[in-house]
Structure formats: structure tokens, C-alpha cells
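Worksheet: the structure to be examined is printed underneath.
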Amino acid sequence: MTLYARFAAHIDAVLDSLEAEGQLPAGLERRNVAVEPPRDAAHGDLATNAAMVLAKGAKTNPRALAGLIAPKLDELAEVERTEIAGPGFINIRLSPTIWQDELRAILVGGEAYGRSALGQGQRVNVEYVSANPTGPMHMGHCRGAVVGDALAALLEHAGYAVTREYYVNDAGAQVDTLARSAWLRYREALGESIGDIPEGLYPGDYLVPVGRKFAEEFGDRYAAAPESEWLQLFRRRTVDAMLELIRSDLALLGIHHDLFASEADVQASGAADRVLQTLRDKGLIYEGQLEAPKGETPEDWEPVELTLFRSTQFGDDQDRPMKKSDGSWTYFGADAAYHLQKAGKADQLINIWGADHSGTVKRIQAGVRALTDGRVELDVKIVNMVRLFRAGEPVKMSKRSGNFVTLREVVEEVGKDVVRFIMLTRRADAPLDFDFAKVVEASRDNPVFYVQYAHARISSLHRKAKEEGFDLSGESDLSLLDEDELSLVKVAAQYPRIVEAAAMAHEPHRIAFYLNDLAAAFHALWNKGNDDPSRRFLLAQSPELTRARLELASAIGQIIRNGLGLMGVAAAEEMQ
RNA sequence: GCGCCCGUAGCUCAGUUGGAUAGAGCACGAGCCUUCUAAGCUUGGGGUCACAGGUUCGAAUCCUGUCGGGCGCGCCA
């Protein structure tokens, strides 16, 4: 139980007793009562808004109600003193032993410190990456991959049962294009001269080894055969090869999915038909026509009868087709079936999507709501684009020519840890600039460096202590730590709260920002030793104080490791 | 035309889901290295939280509208 949860319970108990004494009407809505660290540390360690939230219902004014609550909090052993401030906040200053205990708790908890049971084992399915299996991963996919993976880890940490899933779009026309492109490479591998790759096919040379493999396996059996003889086979086999490629790219980032779900399988299983029938039974399907899209009207627009889903009943702007006029499934039709499949095994769904799919969020949420009768919630996190720079100059990319920056190139240049960290240094839905020069810069401006540097300092501190023969056995006396040192503990003690809040909000970037703050607080304390040598961590003349300070440093190091671990980043023992 | 996201210091961005005097970094000014790593730290100036209304004890945060920017719109995937 976190410190904050403990105090929330204390306040609850105080309110109960006020009710029992008849000082407070029973049954007031307490949902908005919060216990938080105040923004300004001078206000104390904790603050509660209880009096302000409840005053109206209690038909009194906030400060008067605070006057009833505060004395009861004062009676707690953990509380040093309270004061009523501003419009009716109750500020609580905790006794120093609380922070000494919390420091100990961090050390005892180790890797587990910050885990919580918030999720109560609820099943969450996080679907992320889901890049089309038509080529290697490039930078466009990278951010969603990292955000999804960090979110999955975060939720796991917060007590959810997480499935990491990848949806393979292996049913659409682009897979035909892929198969034809591979067939060309296959003929090339057989010695044919294929010239330039025709417009509309995938030109990337990652298909060359695939063609070679096919040539070895099939000989010239399909070289001159009509498409009907090889297309299905080449589709399946090329998709497999691409998935292998993608999996190895993801592995470079340390990302491993539990499940790869195939769109083609979903369609073949009849799930889409069942979904259509379910919706039909609910009266949500009709045959009709769509209006031409507004804005630029396509020249080839013709109204036709389509099988439409009444997604407008669930907040969409337009009803959406489930089936095309030729009877095949639309992407949405199959996707609805896929989401129902996921919903059958989860209590909560999360999709990580690129910004280019933001327009389709409403319809799929409508579909999930209709199909699960609102039982399962679908959150779609939109991940915005990454703009690549090299020392301030934009990096030119063109997918058409196959000249895009691959994930592999980036990881090989700057390293997995840097990529993962940087991808989490901005809110997911905001665009992010990635500058190859800046992300490896050793400066305050680079959060990866800055956080790693704090950890490296802590590691070097312990190495040094060992070298200099400090006795580190046994428990230290943490009451030797002064106010500045305990204030660092206070920052560290926020970690479990940050994890829970980030998990609830589905916002892994909060961990990165928090670590940056924690590192800043540590660097600041460290540097006090510059002005005042008695503030240094290692003091030959005070072994007891040294031990206490080393424990403090260990705890900070632990939090940094835990936080970085959530982000999938390894902590540095030393900086090169 | 419509939808989604966004608009916070000169620049790049946070802002604990409605809390107190809105915070960081960069840049600019002033300091701190015979050291456990100064790759850092301290400190100063810098704000109409796009604008206008509304909701309430209280709004950068919620609602409505306006202006500006990004992404998108299809029987594509």
C-alpha cells in the first residue's frame, strides 16, 4: 500500500468518525476527496482537499469543516502537524520517521517497489505495432512499438494481466502486391533480368533474399506460370518471411508479442459473418448508400448499395460499410470481428494506432460497444509522427522509392536504450522530433543522458566506497539524514503513485518525465558536496553518516532502475 | 464541408484528470572545478495558459463559440 493510499484510508476513517459524532451528514459523495503531495513543498508533505469537496454537502464552509478534520489527523502518530491553508486545504507534515521507513521500504522492495495491485488481475489486451507485413520496420512504426510495449509493462506492473498482441493485416490487396513483388524477385533469382521494379510494386531489396529462397525451393516451377497458380502460395510465404523480418526488428528493441493474430484467419474462421449476424439481430445493419465524401469529391464516385453498420448510433459521424459491393469484407468489417475476438478474452482493450488512423477510431469503438453491449472498453491511443533530424537538418524519407529510414539503422546507430527512452519523452499524441545528434549528446538537454548519468554516479559511488574500504554491513541509522536528504526520499517515494497514475491514464511518458525530475533532485544533492565537503556522500571521518547516505543513494538508484525497466531501458553503470 | 488532436516563457515541452503564487530544459545575465565524474549545480530576468463567454468555493484543465496549426475523410489498408 502506498503512503498515499494509507492516508486516503486515514482520512476516510476520520470522516467516518465525524459522521458517527453527527458532525457530518452521512452518505456524502467522497469520490473526489484526494490526498496528494502539494505542488509547493513548503506546504508540507501531503495535502487533502476533503474539506473543500465536502463542505457544500455538509452545509458549512470549507475552512470550518477543515477545522473539524485536521485535529483528528493530528492525533495520528505519523503526523507531525497539520495546518489549514488557502480556501480550505489541510496540509499535513509527516514525521521524519515516515520518510526513513519509506527509504527502507524502497531498499527492501527492490525491483518490486512500485508494483501495485491496482488492476486486480483484470485482463487487458494491448495491440500495438500491427505494421503491414510488407517490409521491414521503419521509423514510422517505431514510436507506437515503444509506447505500446512500455504501456504493456506499465499495466503489468500495476497489477493487470496483459496480453501483447500484433494484428497482421494479411488479407488485403497490398498482400497481392507483396506477393507479385516477391515473384519478380524470384524470377530475378532464377537469372531473369527484371529491369526496374514496375510502378506499384514494392521496390525494396529486402525481397531479394525472399526471391532467392523461393528459387531454391521451387526451382522454375512458377516462373512462367499464370498468377492463379502461385499467388496464394506466394502471399502466404512472403507474409511469413516479412513477419520474421519484423519480429527480428522488434527484437532489436526488446519487443516480443504474445500473439500474432491474422486478419485472413479472422475472415476464414467465419467470425466476420457471425459479427454481421449479431449486429443484424440487434437491428444495426441495413442495406443502403453512402453519400459522396465532402471536400474533394472523387471523380469516380458512384452510389451503390452496401451493407452498412449503424455506427452513428454509437457516436460515429457516418454509418460504415461492413462489406464491399463485391461481397468481400471491408477492413472495418474484419476489424470488428477481430475486436470481438479480442474482447472475448479481455476485460479491457487498448489499441496503439498511428495518427493516420485517427479518423477510424469512432467506428471501431462503436463496433466494440455494440458487440459487447458496453462490457468491454476500447481505448485507442493515437501515436503521432516522429520527425527525424540530423543536427537540426530534416532527414528526407520517401517510402515510394523504398528509401525510408529503417528501425534497424536507427537502433544500430544510437542504440536500443536511447531509442526507447526518447520515444517516451513526449506525450504520445504530440509530434516528436528525433535528432540523431541530440539523442546521444552528453548534456543536461538530453534526458536519456541525464537520467543515466545519475544512475552511473550512484554506481560509481558504491564502487568508490568499496575501494576505500567503507564498512557497509548491517543496517544504517537513517535518522542521521537531514532535511535535504529526506526531501530526495520524498521525490523517490512518489514513484509508486506515478506508476499507478501513468497506468490508469495509459501514459507511459510520465515515467520518463518523473525520472528526469528524480535525476535532477539527485544531481542537485550531489553537487552540494562541491560547496560544502561535509555534504558529500563518502566521508571517511563519519562512517555512520556515510552508510546512511549510501543507502539513500542505493534507493535512488533502485527507483531509476525500476523506472527505466518499465521503459525497457537498461540502467548504465558508468558513462563512456 | 466534417471528424480527431493541438494552441502554455523567445525556442522545445511538462502540468499529478478541477486545487494554493502555472513549472522544467535550451537560450540570455551572474556565480560555483587542488572533487565521490563540473558530462554537473546554484541564481536572476522572462506568462493575458490563442481569444470570448459559461459551469463553481476554485479553470491551463470541464462546456459553448471564434481564430490559428497538424492529421484524417473513400467499397483503400
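This is a predicted model, so every value here is computed, not measured. The sequence lines fix the lettering, A, B, ..., with proteins before strands; numbering per chain opens at 1.
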Say we look at [N] and [M]: how far apart would their [atom1] atoms be, to the nearest angstrom?
N: B:rG53; M: B:rU12; atom1: C1'; value: 32 Å
N: B:rC76; M: B:rG19; atom1: P; value: 44 Å
N: B:rA22; M: B:rA27; atom1: P; value: 26 Å

Sort out the partner of B:rC2 for me: Watson-Crick or G-U wobble, both distances under 3.5 Å, none otherwise.
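Because both required distances fall under 3.5 Å, B:rC2 counts as paired with B:rG72.
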
Check this one for me: any side-chain N or O of [X] less than 4.0 Å away from OP1 or OP2 of [N]?
X: A:Lys466; N: B:rC36; answer: no
X: A:Arg549; N: B:rC36; answer: no
X: A:Lys56; N: B:rU56; answer: no

Just to verify, which of A:Val35, A:Thr48, A:Asn49, A:Leu46 counts as forming a side-chain contact (heavy atoms from CB on, under 4.5 Å) with A:Ile90?
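Of the listed options, the one satisfying the test is A:Thr48.
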
Measuring from the side chain of A:Ala456 (C-beta onward, heavy atoms only), which nucleotide among B:rG40, B:rU37, B:rG72 has the closest atom?
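Closest nucleotide among those given: B:rU37.
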
NA contact type, A:Ser443, heavy-atom cut-off 4.0 Å: base, sugar-phosphate, or nothing?
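The residue A:Ser443 makes sugar-phosphate contact but no base contact.
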
Look at all strands and tell whether A:Leu538 reaches a base, only sugar-phosphate, or nothing, counting heavy atoms closer than 4.0 Å.
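Base contact.
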
Rounded to the Å, how far apart are A:Gln318 CD and B:rC4 P?
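From A:Gln318 CD to B:rC4 P: 14 Å.
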
Euclidean distance, atom CG of residue A:Asp484 to atom P of B:rU42 [Å, nearest integer]
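After rounding, the gap between these two atoms is 11 Å.
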
What are the atom names and distances for every N/O pair under 3.5 Å that joins the protein to nucleotides 25-27 of chain B?
unit_1: B:rG25; atom_1: O2'; unit_2: A:Asp445; atom_2: OD1; d: 2.8

Got a list of protein N/O to nucleotides 63-68 of chain B N/O distances below 3.5 Å?
none

Charged tip of A:Arg390 within 45° of A:Phe436 ring normal and under 6.0 Å
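Cation-pi check for A:Arg390 and A:Phe436: passes.
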
Take A:Glu305 and A:Ser325, measure what side-chain hydrogen bond (donor to acceptor under 3.5 Å, both in side chains) needs, and give me the verdict at the end.
CA-CA 7 Å; A:Glu305 285 285 305; A:Ser325 55; over 6 Å; no

Might you list the N or O atoms of the protein lying below 3.5 Å from N or O atoms in nucleotides 11-22 of chain B, with each pair's distance?
unit_1: B:rU12; atom_1: O2'; unit_2: A:Arg426; atom_2: NH1; d: 3.3
unit_1: B:rC13; atom_1: O5'; unit_2: A:Arg426; atom_2: NH1; d: 3.2
unit_1: B:rC13; atom_1: O3'; unit_2: A:Arg426; atom_2: NE; d: 3.4
unit_1: B:rA14; atom_1: OP1; unit_2: A:Arg427; atom_2: N; d: 3.0
unit_1: B:rA14; atom_1: OP2; unit_2: A:Arg427; atom_2: NH1; d: 3.3
unit_1: B:rG15; atom_1: OP1; unit_2: A:His509; atom_2: NE2; d: 3.2
unit_1: B:rU16; atom_1: O2'; unit_2: A:Arg497; atom_2: NH2; d: 3.1
unit_1: B:rU16; atom_1: O2; unit_2: A:Arg497; atom_2: NH2; d: 2.7
unit_1: B:rU16; atom_1: O4; unit_2: A:Arg39; atom_2: NE; d: 2.9
unit_1: B:rU17; atom_1: OP2; unit_2: A:Glu36; atom_2: OE2; d: 2.8
unit_1: B:rA20; atom_1: OP2; unit_2: A:Arg39; atom_2: NH1; d: 2.9
unit_1: B:rA20; atom_1: N6; unit_2: A:Asn91; atom_2: OD1; d: 2.7
unit_1: B:rA20; atom_1: N1; unit_2: A:Asn91; atom_2: OD1; d: 3.0
unit_1: B:rA20; atom_1: N1; unit_2: A:Asn91; atom_2: ND2; d: 3.0

Please answer whether the main-chain N or O of A:Asp482 pairs with a side-chain N or O of A:Glu485 as donor and acceptor at a distance below 3.5 Å.
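Checked: pair present.
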
